[in-house]
Amino acid sequence: MDRRVRVRFAPSPTGPLHIGGVRTALYNYLFARKHGGDFLLRIEDTDQTRFVPGAEEYIIEALKWAGIEPVEGIGFGDGPHAPYRQSERKPMYKQYAMQLIEAGHAYYAFDTAEDLEGMRERLKASNVDAKYDAITRSTMKNSLTLSEDEVGKRLENGDPYVVRFKLPRKEEVKFHDEIRGWVSFNTAQLDDKVLYKSDGMPTYHLANVVDDYLMHISHVIRGEEWLPSAPLHILLYRAFGWEDVMPKFAHLPLLLKPDGNGKLSKRDGDRLGFPVFPLNWLDPNSGEKSSGYREAGYLPEAVVNLLAMLGWNPGNNQELFTIEELTEAFSLERVSKSGAKFDQNKAKWYNQQYVRKLDNKALAPILTTALINEGLASHFTAEYVEAVCGLVKEKMSFTNEIWDISKYFFQDPSAYDLGVIEKRWNEKIPALLHEIKSEIETVEEYNAAAIEGVYNQALNNHGIAGKDFLQLFRVCLTGIAGGPPLFEIANLIGKAAMRRRIEHALQEFSK
RNA sequence: GGCCCGUUCGUCUAUCGGUUAGGACACCAGAUUUUCAUUCUGGGAAGAGGGGUUCGACUCCCCUACGGGCUACCA
């Protein structure tokens with residue numbers, strides 16, 4: 001059955017989008033583009049009690065940041081199947097629930113929370129699986145046990161009810177998962193899930209099946225946590241008579257926490273010091289803050305790349321991929337079945353790769369922002385800032401480190417690495433520094449090579465080995481023991497800064 | 001507990017019955033770098049256990065163990 005590939009990412013706006021959700025969105029996006037299909041965003045907000053203000057906007061912003069943009073859906077221009085927010089589709093679900101009841105695939109249930117609780121306790125006491133199923137439903141208050149009159153009366157009275165799916169007693173439900181192969185369940189193990197809630201909203205199960213049908217979804221690519229409810233969904237397609245257009249299913253392995261086991265959760269990020277969310281998030285209810293990849297100095301291209309490789313591989317040794325290359329290489333067959341632990345080291349390495357490749361002009365605005373914060377922006381030209389970026393980007397892993405490792409390009413050091421001073425400073429140093437300082441004044445053309453020439457000459461004159469002095473000289477000029485090539489730094493900061501800094505170091509350390 | 005899914009170096013993974021089990025990150029060592037880092041070279045490091053099937057199993061089947069997911073009028 002060949003039909004247009006249409007996939008969807010369907011998060012619920014109950015908080016910030018988890019990084020695992022970003023990966024799910026990415027795989028959907030790659031799959032759609034690979035097959036020339038459509039990727040859409042649908043907001044699953046059928047649980048009004050869990051609605052969190054700002055969460056939807058967060059999801060949209062996160063996808064935009066990562067460059068995983070849907071062609072249809074909330075925040076992306078809608079499309080032919082609007083609305084894409086389930087709460088706005090509310091009126092259309094009821095008829096589908098009724099259709100199922102009429103066809104005998106579903107029924108009204110009037111049980112109260114206490115009724116359900118009582119049933120569960122009874123069953124538990126007799127050591128039986130406590131579930132609303134083909135057996136227990138005959139003991140509950142529903143349209144299968146109540147008389148037609150009674151049901152009619154209750155509905156007329158406006159008594160609260162839900163609609164439950166009438167699961168076949170014992171039936172093997174088998175389906176082919178695009179990632180896992182054949183998977184089967186027996187309905188005897190499942191329960192009569194609520195499809196339509198007493199507040200007039202559908203549950204996820206009904207809504208996702210109805211919407212996927214109406215939106216012509218061809219493949220459902222979602223997390224493994226949905227695998228157990230897949231048979232219900234398949235039974236729903238059958239009950240509706242939609243089996244011929246039922247989407248194919250692909251259940252993705254989960255992202256696991258780096259230490260120990262279990263699903264990567266919000267708390268792990270705080271505990272281990274890496275983000276589990278794409279963007280910073282401030283919870284409007286609890287006031288709790290969660291950090292995001294963007295603010296932690298990750299580049300979106302790096303996040304996309306590392307996420308792609310967490311659960312998928314190209315089958316060769318390539319590690320670095322642009323999103324275009326990923327699109328080209330991606331296939332569901334190469335998605336692995338087992339969960340992947342998040343590896344912070346690898347994440348850092350990926351980001352490093354992308355930071356280094358970043359154009360100086362692209363990096364400059366980040367540094368400029370820092371300069372503005374420091375009140376220094378007006379003192380330096382764009383060319384200067386870019387040149388600094390060019391020198392320091394080899395040294396950084398995350399873009400938010402840029403000010404810390406480059407501040408000496410913009411201000412004289414206010415503190416020095418004293419370990420290096422103590423180790424390398426001796427009575428011969430002051431004279432050497434004096435000579436370098438005065439010789440530099442005489443060079444005709446001030447550049448890295450000239451500075452190096454002066455430096456080497458002076459070392460020679462004083463009989464000091466470069467090995468013993470270079471790092472000390474670096475600390476005198478920049479305050480810190482590491483960094484880009486020293487003579488490049490000296491060249492950039494200029495003659496006047498050199499003079500000032502050498503003088504200041506002499507003042508500080510020669511007593 | 002029940003059901004389902006999974007299990008190759010510390011981590012992400014390649015291998016779709018025959019390989020000295022390959023790569024990447026991390027780690028260690030050496031080289032280069034007049035400093036730190038980079039870079040380069042090298043190194044240690046894996047098929048959960050037990051049964052089958054087969055001339056031959058990491059690969060196929062079964063059992064066990066372990067891990068994970070689900071088990072709501074949440075998604």
Side-chain angles (χ1 to χ4, degrees), chain A residues 10-14 44-47 49-50 86 109 111-113 116 120 124 127-132 160-164 177 179-181 183-186 188-191 193-205 207-208 222-231 251 253-254 256 258-263 306 309-320 333-334 336-350 352 356 394-396 405 417 420 424 452 455-456 459 464-475 480-487:
Chain A
S12 52
T14 54
E44 310 233 325
D45 55 348
T46 52
D47 184 354
T49 63
R50 293 213 305 159
Q86 289 182 328
D111 314 281
T112 63
L116 293 171
R120 287 187 187 117
K124 230 177 255 171
N127 226 351
V128 182
D129 228 11
K131 57 191 194 336
Y132 207 119
Y161 68 89
V162 299
V163 175
R164 282 181 184 273
D177 185 278
I179 293 169
R180 286 151 210 286
V183 179
S184 68
F185 292 81
N186 195 299
Q189 306 295 338
L190 277 25
D191 61 350
K193 279 274 179 286
V194 171
L195 299 178
Y196 190 80
K197 301 186 273 189
S198 57
D199 65 358
M201 274 289 198
T203 58
Y204 169 83
H205 300 110
N208 104 85
R222 74 227 303 191
E224 192 185 349
E225 68 268 29
W226 294 109
L227 194 50
S229 51
H251 290 93
L254 264 19
L256 272 19
D259 63 337
N261 293 299
K263 208 156 59 153
L306 75 93
M309 302 300 278
L310 231 38
W312 171 86
N313 77 83
N316 57 37
N317 287 338
Q318 187 174 351
E319 302 278 344
L320 264 13
E333 298 86 74
R334 298 210 66 91
S336 43
K337 297 180 180 72
S338 50
K341 287 186 183 173
F342 188 89
D343 183 352
Q344 220 178 327
N345 278 322
K346 196 106 180 214
K348 178 179 173 181
W349 177 81
Y350 266 112
Q352 249 168 15
R356 284 178 197 167
E394 296 288 327
K395 298 284 168 181
M396 50 195 250
I405 64 167
D417 184 327
V420 173
R424 300 292 186 190
E452 189 168 359
Y455 171 90
N456 283 326
L459 277 182
I464 294 174
K467 231 178 146 159
D468 298 328
F469 182 63
L470 190 69
Q471 196 172 27
L472 177 61
F473 192 44
R474 175 186 287 278
V475 171
I480 55 183
L486 186 56
F487 302 112

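Letters A, B, ... mirror the listed sequences (proteins, then strands); counts begin at 1.
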> Which parts of nucleotides 29-45 of chain B does protein reach within less than 4.0 Å, heavy atoms only, written one letter per nucleotide 5' to 3' as B for base, S for sugar-phosphate only and - for none?
Replying inline: -----BBBBSS------
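By the side-chain hydrogen bond (donor to acceptor under 3.5 Å, both in side chains) test, A:T112 pairs with A:E114, A:D115, sequence neighbours left out. Listed by chain and residue number, A:Y132 satisfy the side-chain hydrogen bond (donor to acceptor under 3.5 Å, both in side chains) test with A:D111 (two or more places apart in sequence, or in another chain). Partners of A:R334 under the side-chain hydrogen bond (donor to acceptor under 3.5 Å, both in side chains) rule, at least two apart in sequence or in another chain, are A:N313. Legend: residues meeting ring pair (Phe, Tyr, Trp, His ring centres under 6.0 Å) with A:F487, ordered by chain and number and at least two apart, are A:Y455. Residues passing the side-chain hydrogen bond (donor to acceptor under 3.5 Å, both in side chains) test with A:Q471, sequence neighbours excluded: none. With sequence neighbours left out, A:Q318 forms a side chain to side chain contact (heavy atoms under 4.5 Å, CB included) with A:N316, A:F321, A:E325. Take A:R120 and apply the salt bridge (Lys or Arg N to Asp or Glu O under 4.0 Å) test, not counting sequence neighbours, and it matches no residue. Partners of A:R222 according to the side chain to side chain contact (heavy atoms under 4.5 Å, CB included) rule, which considers only residues two or more places apart in sequence or in another chain, are A:Y204, A:N208, A:V220, A:W226, A:A230, A:H233, A:F249, A:H251.
Of the inter-residue distances, the one linking A:S184 atom OG with A:D177 atom CG reads 12.5 Å to the nearest 0.5 angstrom. Interatomic distance, A:K131 NZ to A:L190 CG, rounded to the nearest 0.5 Å: 8.0 Å. The structure places CD1 of A:I464 at 6.5 Å from CG of A:L459, a figure rounded to the nearest 0.5 Å. Distance OG/A:S198 to OH/A:Y161: 9.5 Å, rounded to 0.5 Å.
Here A:K263 lies in heavy-atom contact (under 4.0 Å) with sugar-phosphate atoms only. As judged by a 4.0 angstrom heavy-atom cut-off over every strand, A:V475 is placed among residues making no nucleic acid contact. A:D129 comes within 4.0 angstrom of a base, heavy atoms only.
Comparing B:C55 with B:G50, their C1' atoms are spaced 23 Å from each other, to the whole Å. Only the P atoms considered, B:U7 is 26 Å distant from B:A26, to the nearest whole Å. Between B:U20 and B:G1, the two P atoms lie 44 Å apart (nearest whole Å). B:A75 sits 39 Å from B:A48 when the P atoms are compared, rounded to a whole Å. Taking the P atom of each, B:C12 and B:G68 are spaced 14 Å apart, rounded to whole Å. Atom P of B:G47 sits at a distance of 29 Å from the matching atom of B:C4, rounded to the whole Å. With P as the reference atom, B:U38 and B:A29 are 14 Å apart, rounded to whole Å. Using C1' as the reference atom, B:G18 and B:A31 are 40 Å apart when rounded to the nearest Å.
The separation between A:L306 atom CG and B:U13 atom C1' is 15 Å, rounded to whole Å. Between A:E224 atom CD and B:U7 atom C1' the separation is 12 Å, expressed in whole Å. For the pair A:N313 CG and B:C16 P, the interatomic distance rounds to 13 Å; values are reported in whole Å. At whole-Å resolution of the value, CG in A:L254 and P in B:C4 are 18 Å apart. Taking atom NZ on A:K124 and atom P on B:U71, their separation rounds to 14 Å, with Å as the unit. Rounded to a whole Å, the CH2 atom of A:W349 is 14 Å from the P atom of B:C27. The CD-P distance, from A:E333 to B:C16, rounds to 16 Å in whole Å. Rounded to a whole Å, the CZ atom of A:R222 is 13 Å from the C1' atom of B:G69.
Base pairing analysis places B:G6 opposite B:C66; the two distances defining the Watson-Crick or G-U wobble pair are each below 3.5 Å. With a cut-off of 3.5 Å on both pairing distances, B:A37 has no Watson-Crick or G-U wobble partner at all. B:A21 makes up no base pair with any nucleotide shown, lacking Watson-Crick or G-U wobble contacts both under 3.5 Å. Shown here, B:A14 forms no base pair; nothing in the strands shown gives a Watson-Crick or G-U wobble contact with both key distances under 3.5 Å.
In this structure, the side chains of A:M201 and A:Q86 stay at 4.5 Å or more apart for every pair of heavy atoms. Residues A:F473 and A:R424 are not in side-chain contact: their nearest non-hydrogen atoms beyond the backbone lie 4.5 Å or more apart.
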>> For a side chain to side chain contact (heavy atoms under 4.5 Å, CB included) check, start with the C-alpha distance between A:D47 and A:T14, then their side-chain angles and the critical distance, and finish with the verdict.
In response: CA-CA 9 Å; A:D47 184 354; A:T14 54; over 6 Å; no
> Is there a salt bridge (Lys or Arg N to Asp or Glu O under 4.0 Å) between A:D343 and A:K346 once you walk through the steps?
Replying inline: CA-CA 5 Å; A:D343 183 352; A:K346 196 106 180 214; over 6 Å; no
Measure all distances between protein nitrogen or oxygen atoms and nitrogen or oxygen atoms of nucleotides 73-75 of chain B, and list the pairs falling under 3.5 Å.
residue	atom	partner	partner atom	Å
B:C73	OP2	A:R164	NH2	3.3
B:C73	O2	A:S198	N	2.8
B:C73	O2	A:S198	OG	2.7
B:C73	N3	A:S198	OG	2.9
B:C73	N4	A:D111	O	3.4
B:C74	OP2	A:K197	NZ	3.3
B:C74	O2'	A:D47	OD2	3.1
B:C74	O2'	A:R50	NE	3.2
B:C74	O2'	A:R50	NH2	3.2
B:C74	O2	A:R50	NH2	3.3
B:A75	OP1	A:T46	OG1	2.9
B:A75	OP1	A:K197	NZ	2.8
B:A75	OP2	A:Y204	N	3.2
B:A75	O3'	A:E44	OE1	3.4
B:A75	O2'	A:S12	OG	2.6

Listed pairs, N/O of protein and of nucleotides 9-12 of chain B, under 3.5 Å:
residue	atom	partner	partner atom	Å
B:C12	OP1	A:K341	N	3.0
B:C12	O2'	A:M309	O	3.0

Just the atom pairs and distances: protein N or O near nucleotides 20-22 of chain B's N or O, under 3.5 Å.
none

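Position along RNA chain B of the nearest nucleotide to A:A130 versus A:L190 favours A:L190 as the more 5'-ward residue.
Taking only side-chain atoms of A:R180, from C-beta outward, the nucleotide of B:C5, B:G6, B:C3 with the closest atom is B:C5.
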